[in-house]
Trainee: 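Supplied in structure tokens, the structure appears directly below.
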Amino acid sequence: MNTDDTADLKDEGTLVEHLTDLRKQLIKSAFVFLFFFIVVFSSINVWFPYVTRGNELIVLGPLEVVKLYMSISSTISLGLALPFLFHFMWQFIKPGLNTRESRFIGYYSPLMLVLFIIGIAFGYYVVNPLSYQFLINIGEVNFDVMVSAGEYIHFLIVTTVPLGLLFELPIIAMFLSAIGILTSEKMKNVRKWSYVILGVLSALMTPPDFVSQLLVLIPMILLYEISILIVIKLEKKQLLTE
């Protein structure tokens, strides 16, 4: 067997090992999600009144009840499983990372979860109730407003989950800075365009009312400015260590 054949066999073996490891991590992730889904779905009558906040909701048919329960249970289960999913995926990609990247992800993965939860809480306690009441008040001027349970849950999800993801902005900026892709000067130079992009995202991720969009846009701008400050501190720290 020549050298080329040996190299091909090694590459093939490495690929099989990677695929096997990926399959293992995906299976573990699926089991964790399924566990949380069973727990959440079986206890839905306990926590669901807290989700509806006492609002009078209607259902348009028996199948809507099933779709509603499945949708909200899946969303909550995914949120609860996120720390484990991050850990499993980190275990898979860890061998391919250098020491600096691996250390960064290991250190800041818990912080990513905290920021995600803060974003969800901000959406649940601030954006959702204010925007919901604002839209209901507008509708009651000319209509008898009846809100279906499915529409309410959809509205709740779109005013909470995207905010949890957007609150990850400082961590993303830190990671891109740590691997040398992003600098504070670049962030300052594109600040105006970044504000425009954040404005578009806030419009896409919230209901079509000015209040909700403003409630989302303001913290996003603050997070962007905080990200710049964090990147500046990281750059100063790197200069001192060099």
Trainee: When the side chains of residues 160-167 are checked against the rest of the protein, which donor-acceptor pairs come out under 3.5 Å, sequence neighbours left out?
Mentor:
unit_1	atom_1	unit_2	atom_2	d
T160	OG1	L156	O	2.7
T160	OG1	I157	O	3.3

Trainee: Looking only at heavy atoms, which two atoms of A173 and M187 are closest? And how far apart?
Mentor: CB-CE, 4.4 Å
Trainee: Mind checking the OG1-CG spacing from T159 to L130? Nearest 0.5 Å is all I need.
Mentor: 10.5 Å
Trainee: Who pairs with E140 by side chain to side chain contact (heavy atoms under 4.5 Å, CB included), at least two apart in sequence or on another chain?
Mentor: I136, N137, V145
Trainee: Do you reckon V46 sits in the same ILVMFWY cluster as I44, going by side-chain contacts under 4.5 Å, direct or chained?
Mentor: no
Trainee: State whether the side chain of T52 and the backbone N or O of P49 hold a donor-acceptor pair below 3.5 Å, judged by distance alone.
Mentor: yes
Trainee: Rounded to the nearest 0.5 Å, what separation is found between the CG atom of L217 and the CD1 atom of I221?
Mentor: 4.0 Å
Trainee: Considering all heavy atoms of both residues, which atom of E64 and which atom of G150 are nearest to each other, and what is their separation?
Mentor: OE2-N, 3.2 Å
Trainee: Nearest 0.5 Å, please: how far is CD1 in I218 from CG in L198?
Mentor: 12.5 Å
Trainee: Is the Y69 ring parallel, tilted or perpendicular to the F41 ring (thresholds 30°, 60°)?
Mentor: perpendicular
Trainee: Could you check if a side-chain atom of F155 sits within less than 4.5 angstrom of a side-chain atom of L135, using non-hydrogen atoms only?
Mentor: yes
Trainee: With a 6.0 Å cut-off (strictly less than), is the heavy-atom count around CG of L63, excluding the residue itself, greater than 12?
Mentor: no
Trainee: Under the side-chain hydrogen bond (donor to acceptor under 3.5 Å, both in side chains) test, which residues partner E225, sequence neighbours left out?
Mentor: R191, Y195
Trainee: Of the non-hydrogen atoms in L223 and P170, which two are nearest, and what is the gap between them?
Mentor: CD2-CG, 3.8 Å
Trainee: In the single-linkage hydrophobic clustering (I, L, V, M, F, W, Y; side-chain heavy atoms under 4.5 Å), do M146 and L60 co-cluster?
Mentor: yes
Trainee: Please find the pair of heavy atoms, one from S184 and one from I232, that lie closest to each other, and give the distance.
Mentor: CB-CG1, 3.4 Å
Trainee: Once side-chain hydrogen bond (donor to acceptor under 3.5 Å, both in side chains) is applied, do any residues pair with Y224, and if so which ones, sequence neighbours excluded?
Mentor: S194
Trainee: Main chain of F37, side chain of S77: is a donor-acceptor contact present, judged purely on distance under 3.5 Å?
Mentor: yes
Trainee: From E151 CD over to L68 CG, what is the distance, rounded to the nearest 0.5 angstrom?
Mentor: 11.0 Å
Trainee: Quick check: closest heavy atoms across G123 and P129, and the distance to 0.1 Å?
Mentor: O-CD, 4.1 Å
Trainee: First locate atom CD1 of I120, then atom CG of N128, and finally report the distance between them rounded to the nearest 0.5 Å.
Mentor: 11.0 Å
Trainee: Apply the test side-chain contact (heavy atoms from CB on, under 4.5 Å) to residues I153 and L57: give CA-CA distance (whole Å), side-chain angles for both, the deciding distance (0.1 Å), then the verdict.
Mentor: CA-CA 10 Å; I153 294 302; L57 307 175; 5.9 Å; no
Trainee: If two hydrophobic side chains count as joined below 4.5 Å and joins carry through other members, does V65 share a cluster with I72?
Mentor: yes
Trainee: Within the distance-only criterion (no hydrogens, no angle test), does the side chain of Y132 pair as donor or acceptor with the backbone N or O of Y152 below 3.5 angstrom?
Mentor: no
Trainee: Kindly work out whether a path of hydrophobic side-chain contacts (I/L/V/M/F/W/Y, heavy atoms less than 4.5 Å apart) joins V66 to I38.
Mentor: no
Trainee: In a table with atom names and distances, give each donor-acceptor pair under 3.5 Å that connects a side chain of residues 24-35 to protein atoms at least two apart or in another chain.
Mentor:
unit_1	atom_1	unit_2	atom_2	d
Q25	OE1	K28	NZ	3.4
Q25	NE2	D21	OD1	3.4
S29	OG	Q25	O	2.8

Trainee: Can you hop from I226 to I228 via hydrophobic side chains spaced under 4.5 Å?
Mentor: yes
Trainee: Not counting sequence neighbours, list each pair that qualifies as a side-chain hydrogen bond (donor to acceptor under 3.5 Å, both in side chains) and has a residue in residues 36-49.
Mentor: S43-W47
